[in-house]
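For reference, the structure is listed below as structure tokens.
In what follows, residues are counted from 1 in the order of the sequence shown. All of these numbers come straight from a predicted model, not from anything done at the bench. Basis for what follows: all heavy atoms, side chains included, without hydrogens, waters or symmetry-related copies.
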Amino acid sequence: MPKKVIYIAGLGLIGSSLALAIKRGQPDYEILAYNRSQESRDIALKEGMVHAVTDDFAAFAPLADVIILALPIQQTLDFLEVLSQLELKDKVLITDAGSTKAQIVAEAEACLQDRPVRFVGGHPMAGSHKSGAIAADVTLFENAYYIFSPSSLTQPGTIEEMKEVLVGLKARFIELEAGEHDLVTSQISHFPHILASSLMEQAGHYRKDHPMTQHFAAGGFRDMTRIAESEPGMWTSILLTNRAAILERMEDFKNRLDQVAQLLQRGDEEAIWQFFNHGRELRKAMEIHKRAGVDSFYDIFINVPDEEDAILGILELLRGTSIVNIRINEENREDINGILQITFKNREDLEKSAKIVRENTKYQVFLD
Ligand code: NAD
């Protein structure tokens, strides 16, 4: 495998996790990094994530075979412009990690079109509310979708070359045109974030007059609002760079809410039942929680009794299996099966663990 020089701009959660995962798959590559703040530069060097760091973006760019912009969207747009002014290696491969794609791909095409460079948009669909190199996680992208959005500067072989660079991520690589990417993510990611924050806003206001709101907010409400804890700066940039698609989804949703309100005003029992049933059928058919993608893992729910060491006993049985998350659903179990929720990274671990728990305990086990 020919040795490459990879230049990662931005040692945030995404950039530093990319550094670790690239190193895992391609240990011979040289990894250089730019970061604005010293803290993440120091962490990355100390932890051996990268070989050298700079606070001057232009300094390392001419040395790179591959440049990955893992910066907020606006900075990504600005740095594309900076790159267009620099003397880079011939056919350098430039990509990014931004959560929206059309504007970034259009900017790359506009400012790099006369340069001897290649560009493909990138979106690793994994992340969390954490930030900085301190949050670096070599497993962050495992089983997650990693989208490539081609541009007019993507040549035959460009995406294959990127996949080779990123082999250590163990991600699911997929190609999607930038505009289509932004439409799909407006529906399944951007609009739901607006909804989650609006629900929190509404509940926060309501609890002033109805204080028990706060105590009963669990189960479904918690699931629906978890993403309201996301980083506001990132989401502001996402909204501002995918305005038309998100506004269209909001209008569509308003109409849907109005239709449900009309059913309720009429007291139309049959239609209300159909409304819920249709949602249930659609969710089952889309197998939303069965796929590894954005925020999607494999859960088992175990009805454990409130006894000393019951949970410890289960964890002991699962020793050696990689567990993504454990949650004890104790406050309000109205809409959750099983008090102990264990999340795995893949179906194989889920099924193996469910079998072990069933064979060794009398507890009820539900697969999600
Ligand atoms: P982060 O906050 O952890 O890191 C951002 C990085 O950008 C840091 O290195 C920071 O120093 C740098 N930065 C910020 N403002 C800058 C400026 N004005 N000039 C120079 N550098 C600046 O963020 P992150 O989660 O790593 O996100 C990076 C990119 O990845 C964003 O475009 C985001 O949309 C995308 N992304 C994030 C997630 C996620 O869930 N976190 C998932 C997929 C894609």
Side-chain angles (χ1 to χ4, degrees), residues 1-99 104 107-108 111-112 115-124 127 130-138 140-141 153 158 161-162 164-169 231 233-234 237:
M1 206 73 57
K3 191 177 155 177
K4 283 193 163 83
V5 178
I6 313 296
Y7 184 27
I8 299 177
L11 287 169
L13 169 73
I14 299 296
S16 57
S17 300
L18 281 174
L20 286 179
I22 291 172
K23 190 177 156 194
R24 174 168 75 174
Q26 302 286 9
D28 292 340
Y29 283 8
E30 184 175 1
I31 304 181
L32 309 176
Y34 154 85
N35 199 65
R36 187 177 55 162
S37 76
Q38 181 156 359
E39 196 187 348
S40 284
R41 289 200 305 271
D42 287 349
I43 294 171
L45 267 187
K46 190 165 152 269
E47 301 294 324
M49 297 174 191
V50 299
H51 295 94
V53 289
T54 179
D55 63 352
D56 173 10
F57 173 66
F60 284 166
L63 308 176
D65 297 302
V66 178
I67 300 175
I68 304 176
L69 303 173
L71 298 154
I73 298 168
Q74 189 53 52
Q75 271 64 54
T76 301
L77 297 169
D78 293 349
F79 278 18
L80 285 169
E81 173 64 30
V82 175
L83 286 175
S84 74
Q85 310 295 327
L86 299 176
E87 277 305 317
L88 304 173
K89 272 191 188 171
D90 196 34
K91 293 224 173 117
V92 57
L93 208 170
I94 305 170
T95 188
D96 75 298
S99 304
I104 290 174
E107 179 69 13
C111 64
L112 299 172
R115 308 301 316 276
V117 306
R118 296 173 294 161
F119 180 87
V120 60
H123 180 194
K130 296 182 192 160
S131 67
I134 190 83
D137 176 5
V138 71
L140 184 66
F141 310 106
L153 299 165
T158 302
E161 198 176 319
M162 249 348 278
E164 197 181 294
V165 170
L166 301 176
V167 68
L169 273 64
E231 208 277 302
M234 187 173 112
S237 320

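Closest non-hydrogen pair, Val50 versus Ala19, comes out as CG1-CB, 4.1 Å. Closest approach of Ala97 to Ala70, counting heavy atoms only: CB-CA, 4.2 Å. Listed here is the closest heavy atom pair of Tyr7 and Ala64: CB-CB, 3.6 Å. In plain terms, the two heavy atoms of Ser16 and Ala133 that are nearest each other are OG-CA, 3.5 Å. Taking both residues in full, the closest heavy atoms of Val165 and Lys4 are given as CG2-CD, 4.1 Å, listed atom of the first, atom of the second, then distance. The two residues Phe119 and Leu80 make their nearest non-hydrogen contact at CE1-CD2, 3.9 Å.
To the nearest 0.5 angstrom, Leu112 atom CG is 9.0 Å from Glu81 atom CD. Note: Lys130 NZ to Glu231 CD = 14.5 Å, rounded to the nearest 0.5 Å. Of the inter-residue distances, the one linking Leu169 atom CG with Leu20 atom CG reads 10.0 Å to the nearest 0.5 angstrom. If you take CD1 on Ile31 and CG on Leu18, they are separated by 9.5 Å, rounding to the nearest 0.5 Å. One distance of note links CG of Leu153 with CG of Leu93; it measures 10.5 Å at 0.5 Å rounding. Atom CZ of Arg41 sits about 9.0 Å away from atom CG of Leu11, to the nearest 0.5 Å.
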Run the side-chain contact (heavy atoms from CB on, under 4.5 Å) test on Leu69 and Gln75 for me, step by step, so that the C-alpha distance in whole Å, both residues' side-chain angles and the decisive distance to 0.1 Å come before the verdict. CA-CA 9 Å; Leu69 303 173; Gln75 271 64 54; over 6 Å; no
Run the numbers on Leu71 and Asp78 for side-chain contact (heavy atoms from CB on, under 4.5 Å), then give the verdict. CA-CA 10 Å; Leu71 298 154; Asp78 293 349; over 6 Å; no
Before giving the answer on side-chain contact (heavy atoms from CB on, under 4.5 Å), spell out for Ile22 and Ile8 the whole-Å C-alpha distance, their side-chain angles and the decisive distance to 0.1 Å. CA-CA 11 Å; Ile22 291 172; Ile8 299 177; 4.3 Å; yes
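No more than 12 heavy atoms of other residues, nucleotides or ligands sit less than 6.0 Å from atom CD1 of Ile134.
Checked by atom type and distance alone, the side chain of Glu47 never pairs as donor or acceptor with a backbone atom of Met49 at under 3.5 Å. Judged by distance alone, with hydrogens and angles left aside, the side-chain atoms of Thr95 form a donor-acceptor pair with the main-chain N or O of Val120 at under 3.5 Å. Formation of a donor-acceptor pair under 3.5 Å by the Ser40 side chain with backbone atoms of Gly132 is not found in this model. Gln38 contributes no side-chain N or O that, together with a main-chain N or O of Asp55, makes up a donor-acceptor pair within less than 3.5 Å. Between the side chain of His51 and the backbone N or O of Leu32, no donor-acceptor pair lies under 3.5 Å. Looking at Lys23, its side chain does come within 3.5 Å of a backbone N or O of Gly48 through a donor-acceptor pair.
No side-chain heavy atom of Arg115 sits less than 4.5 Å from a side-chain heavy atom of Gln85. When side chains are defined from C-beta on, Met234 does not count as touching Ser237, because their heavy atoms never get closer than 4.5 Å. Using a 4.5 Å heavy-atom threshold, the side chains of Gln74 and Leu77 count as touching. In this structure, His123 and Ser99 have side chains that are in contact, with non-hydrogen atoms separated by less than 4.5 Å. Here the side chains of Asp96 and Ile73 are not in contact, with every heavy-atom distance at 4.5 Å or above. Side-chain contact between Val117 and Ile67 is absent, with no heavy atoms from C-beta onward closer than 4.5 Å. Within the 4.5 Å cutoff, the side chain of Val53 has no heavy atoms near those of the Asn35 side chain. Counting heavy atoms from C-beta outward, Leu13 and Leu140 have side chains that approach closer than 4.5 Å.
Applying the salt bridge (charged side-chain N to carboxylate O under 4.0 Å, His left out) rule to Arg118 yields the partners Glu161; only residues at least two apart in sequence or on another chain are considered. In this structure, the ring-ring contact (aromatic ring centres under 6.0 Å, His included) partners of Phe79, at least two apart in sequence or on a different chain, are Tyr34, Phe57.
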